[in-house]
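In what follows, a structure is listed as structure tokens, so that the remarks can point back to it.
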Amino acid sequence: MAAPAAVAAAASSPAAPRPTPEGLVAVTEGQATILYDDAQSVFYNEVQEFNRDLSISIIRTWLAGYRASQLQRYEKRMSMPDRRPSPNDNDPKKPEKPQMTIFEGLSATGLRSIRYAKEIPDIDEVVANDFDKRAVAAIKRNVSHNDVAARVTPSHGDANLVMYRAVSEGRRYSVVDLDPYGTAGPFLDAAVQAVADGGLLCITCTGMAVLAGSQFEACYAKYGSMSLPNAEFCHEMGLRTLLHTVQTLTGRHGRYIKPLLSLSIDFYIRVFVQVFDGPAKAKRAAQDSGLVYNCPSCYSFATHPFGKSVQKGGQSRTGLSTGPPVGPLCAYCESPHHVGGPVYLGPLHDVAFAREARALVQKHPGAFKTHTRITGMLTVASEELPTPLYYSVAALCRVVRAQSPAIPVFASALLNAGYQVSLTHCAPGMLKTDAPPAFLWHVLKHWIQQSGWVRKNVAHLSPGERLLKRLGLHADASRFGRKPGLVRFQINPTANWGPKARAGNTKAIKNVASQKEATAAQPPAKRARDA
Ligand SMILES: C[S@@+](CC[C@H](N)C(=O)[O-])C[C@H]1O[C@@H](n2cnc3c(N)ncnc32)[C@H](O)[C@@H]1O
Ligand SMILES: [Zn+2]
């Protein structure tokens, strides 16, 4: 293994270009150039450059703190009298100097591992593993082509077996990266054990039809959680489903998780999760997981954690939750609720960490071809409320056939009432808020009343009609509203028209004059509306 300083030096020295062997295609991404055959027998997806760039920026940000804490721990151990190095270097009591290692379980061409080795300073070893012989041959060829044999170890085996073997031999990796086809589910139990205390799990899952689409049966089979296909918040639900699976698996091993960043990107999700040893904290997981009740007709939803925080003997513990927080029927439109989950209900991101990662990317934009997108995503993520899930204002308005207010207008009504609001990186036009659905409908009621709402197709006995009734708005009442371009009331023929004062009646003349002043003092909008 190379010393970290040597790694940093190697990473900065430009490698001489090597000739591309006949029959192979060379692809350069970041500091790596990989060779793959035209037949593409080994998987390579150029679209995932964003995923790889993002991962490098996140691991670099995380590693700075992790390495410092590991070295500190090592120094502390070394300072203990029975651990001090003896003249005999083979002293079995001497703790090993911490090594920074990455395990990429499903490596294909080795591109990701090679980029990690070249672009993340202070990495001692990256194990690039695949169970396909052709992939391992490609990894070996690419390792040699990129001159990283000192830091990248090709490995041939089933990812689970390699990880379980490492655990059984007392070796754990600083980072475990899983980037499979489809779900990472089958690799999660080994991964949560194979990652070091305080280490980082990086997990990609594609197959959003399962995690966030119509395949809720498959979602339960693969992740132990029901997805909610009709929910507007299905992408965040997918992230929370994966985090819940990781959380429950870590708990079995007396470990707990802290999500640093959880992103829904194009056709997949990618989460970066720190794993810690700690049976006491693992027992608090019930406070951070629970069910989601969603109304598929009006999009109102509620979450229900399994446990709640209680104080017992001066200590914070997990108490039993009570509920459910909703009845069988939606309180607004009377449709039956769908029950989804269980999902993770804690924060998706560590805001300080997301800001740090963004600062790193902004400091080194040349290191990441996709830096503009990374910066944008990290900015939105770092501004997101930790409150689970979100609403589509347009979808709420669709239920009652109202025109949708502009997002800032709707958000400002919530903010004015003292609630918190944010966007979400998962989809445009969606709002996260700690306001309850009752308040959202209250705001929409006022919006409807103010905006000259024209009812269109609110079907008789539909959820929309029931909802309007609950809001105190009869579905037919809109015909009494204003219609653009329609003159419904007489227009004053002249200003200050009306019964004229009798000639010579000065008191009446005085009254007319004061009326005139009062009219002039009214704001123009009000005067126009009253006309
Ligand atoms: C999506 S590709 C990996 C892409 C790669 N991480 C990258 O960034 O370019 C998935 C790879 O996983 C490998 N694979 C699938 N199941 C595996 C298993 N159980 N153990 C090891 N490798 C596996 C496949 O051979 C394939 O090369
Ligand atoms: Zn409803």
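Just follow the structure's listing: the first ligand is 1, and inside any ligand the first atom is 1. Side chains are part of it too, since the values below use all heavy atoms of this structure and drop only hydrogens, waters and symmetry mates.
- Residues Gln420 and Thr387 bring no donor and acceptor atom of their side chains to less than 3.5 Å of each other.
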Going by atom type alone, with no hydrogens or angles, which donor-acceptor pairs under 3.5 Å involve a side-chain atom of residues 206-221 and a protein atom two or more places apart or on another chain?
residue	atom	partner	partner atom	Å
Thr206	OG1	Gly182	N	2.8

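- Within a radius of less than 2.8 Å around the Zn ion (ligand 2), the protein N, O or S atoms are Cys295 SG, Cys298 SG, Cys330 SG, Cys333 SG.
- Taking Arg252 as the reference, nothing meets the side-chain hydrogen bond (donor to acceptor under 3.5 Å, both in side chains) condition, with sequence neighbours excluded.
- By the 30° and 60° cut-offs, the orientation of the rings of Phe439 relative to Tyr419 is tilted.
- In this structure, a donor-acceptor pair under 3.5 Å is absent between the side chains of Arg240 and Ser225.
- Smallest separation of non-hydrogen atoms from Val126 and Tyr116: CG2-CB, 4.3 Å.
- The shortest non-hydrogen separation linking Tyr344 to His244 is N-CB, 3.4 Å.
- Each of Phe43, Arg52, Glu104, Gly105, Leu106, Ser107, Ala108, Arg112, Asn129, Asp130, Phe131, Asp132, Gly157, Asp158, Ala159, Asp179, Pro180, Tyr181, Phe187 has a non-hydrogen atom positioned under 4.0 Å from some atom of ligand 1.
- Stacking of Arg466 on the aromatic ring of Tyr332 is not recorded, the 6.0 Å distance cut-off and the 45° axial limit not both being met.
- The minimum heavy-atom distance linking His304 with Ser321 is given by the pair NE2-OG, 3.4 Å.
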